[in-house]
> 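I have a structure here, written as structure tokens, and I will follow up with some questions on it.
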Amino acid sequence: MSAPAARHDAGTAPPAHIAIIMDGNGRWAAARHLPRIAGHREGARALRRTIEAAINHGVSWLTIYAFSSENWRRPVAEVLDLTGLLRHYLRSEVAELAANGVRIRMIGDRDRFDPDIRADMEKAERDTAGNSRLNLTVALSYGARDEIVAAARRLARAAREGTLDPATITEAEFAAGLYTTDIPDPDLIIRTSGEQRLSNFLLWQGAYAELIFLDVLWPDFGAADFAAALDAYARRERRFGARPG
Ligand code: FPP
């Protein structure tokens, strides 16, 4: 990893937690008359660059949307390509990430993946649990609405069992039932490829996140785009719903 980049001198403090919707792999491949998997492979390279950029900029938390709960509905061949890439990534990249101080966590419905992938996910989490330089959260088979419904069910069960009074439920108690219970809310959500929507990503956690939409396709995303997003964020004024002071 290279030396830390210069910090911002603008008003808003650098984001502690950046979340990224990595979009545009398919279009990147189509523009080159390549199969979609070529775009996903190049996307995995962009992910490596992004992790390095996050470390170099001193970002503590990075969450990436690698596979949504809706992605299971893609053609079987593409799902197999994506899960194959995930398997490869978990086996070949985790050691280097661990050596660079990265802690890896997965959020999402991991039960839908094959047992060998689930075992590799658990190993990656276990092997990196002591690291804290960068907290990397990988959203896999993740859908925010499913996550919110599961959190609601958990409270409903407690209410039915008589251990919880619905009238006293707080935001914190609700959030404790989300996958991200130990993870701070994102300060900044970046989406590549020019699309401007959240696509069921961190809907609860992103309530006050700044949103930045970039025209670059994910496989082309690099350190300069990361730095540009940080600069754009630094120019935002975050008020969290309060009136300007
Ligand atoms: C969206 O592009 C991207 C995905 C559905 C997959 C993201 C996966 C990677 C970046 C690969 C590396 C990550 C791991 C850990 C496996 P799209 O296919 O929706 O692109 P399109 O909108 O242009 O069709």
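Computed from a prediction, not measured in an experiment: that's the story for all the values here. Counting starts at 1 for both ligands and their atoms, following the listed order. These numbers come from the heavy atoms of this one structure, side chains and all, not from hydrogens, waters or symmetry mates.
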> Less than 4.0 angstrom from a charged side-chain N to a carboxylate O is my criterion; do Asp116 and Arg87 meet it?
yes

> Can you sort out which atoms of ligand 1 are near Trp218, meaning under 4.0 Å from one of its heavy atoms?
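Within the 4.0 Å cut-off of Trp218, ligand 1 contributes 10 (C).
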
> Looking at Asn200 and Gly143, what are the two nearest heavy atoms and their distance?
ND2-CA, 3.5 Å

> Would you indicate whether Glu171, at its atom CD, is surrounded by more than 12 heavy atoms from other residues, nucleotides or ligands within a distance under 6.0 Å?
no

> Between the side chains of Arg154 and Glu173, is the shortest nitrogen-to-carboxylate-oxygen separation below 4.0 Å, so that they form an ion pair?
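Result for this pair is no, no salt bridge flagged.
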
> I want to check something: taking the side chain as every heavy atom from C-beta on, are Ile64 and Thr137 in contact at a cut-off of under 4.5 Å?
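They are not in side-chain contact.
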
> Pick one of side chain, backbone, both or neither for how His88 approaches ligand 1, counting any non-hydrogen atom pair under 4.0 Å.
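It is neither; nothing of His88 touches ligand 1.
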
> Is there any N or O on Asp23 that sits under 3.5 Å from an N or O of ligand 1?
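For ligand 1, there is an N or O atom that lies under 3.5 Å from one belonging to Asp23.
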
> Any salt bridge linking Asp146 with Arg153? Criterion: basic side-chain nitrogen under 4.0 Å from a carboxylate oxygen.
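Looking at Asp146 and Arg153, the cut-off is not met.
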
> Answer yes if the side chains of Arg36 and Asn25 hold a donor-acceptor pair under 3.5 Å, and no otherwise.
no

> Please compare Ile21, Asn25, Leu47 and report which has the shortest non-hydrogen distance to atom 10 (C) of ligand 1.
Asn25

> Is it the side chain, the backbone, both or neither of Arg36 that has a heavy atom closer than 4.0 Å to ligand 1?
side chain

> Starting from atom 11 (C) of ligand 1, what is the nearest protein heavy atom, named by residue and atom, and what distance separates them?
His40 O, 3.5 Å

> State whether the shortest distance between N or O atoms of Tyr65 and N or O atoms of ligand 1 falls below 3.5 angstrom.
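Tyr65 vs ligand 1: no N/O contact under 3.5 Å.
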
> Identify the protein heavy atom lying closest to atom 20 (O) of ligand 1, giving its residue, its atom name and the separation to 0.1 Å.
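So the nearest neighbour among protein heavy atoms is Gly26 N, 3.0 Å.
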
> Of Ala66, Ser193, Gly194, which has the heavy atom at the shortest distance from atom 8 (C) of ligand 1?
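Checking each option, the heavy atom nearest atom 8 (C) of ligand 1 is found in Ala66.
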
> Does the gap between the ring centers of Phe113 and Trp72 come in under 6.0 Å?
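Distance test on ring centres: under 6.0 Å, yes.
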
> To check your reading of the model: name the closest protein heavy atom to atom 19 (O) of ligand 1, its residue, and the distance in Å.
Arg74 NH2, 2.8 Å

> How about Pro186 and Gln205: do any of their side-chain heavy atoms sit closer than 4.5 Å?
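Answer yes - side chains close enough.
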
> Kindly identify the option in Glu42, Met22, Arg48 whose heavy atom sits closest to atom 1 (C) of ligand 1.
Met22

> Work out whether the distance between some heavy atom of Gly24 and some atom of ligand 1 is less than 4.0 Å.
yes

> Name the closest protein heavy atom to atom 5 (C) of ligand 1, giving the residue it belongs to and the distance to 0.1 Å.
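Ranking protein heavy atoms by distance from atom 5 (C) of ligand 1, first comes Asn71 OD1, 3.6 Å.
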
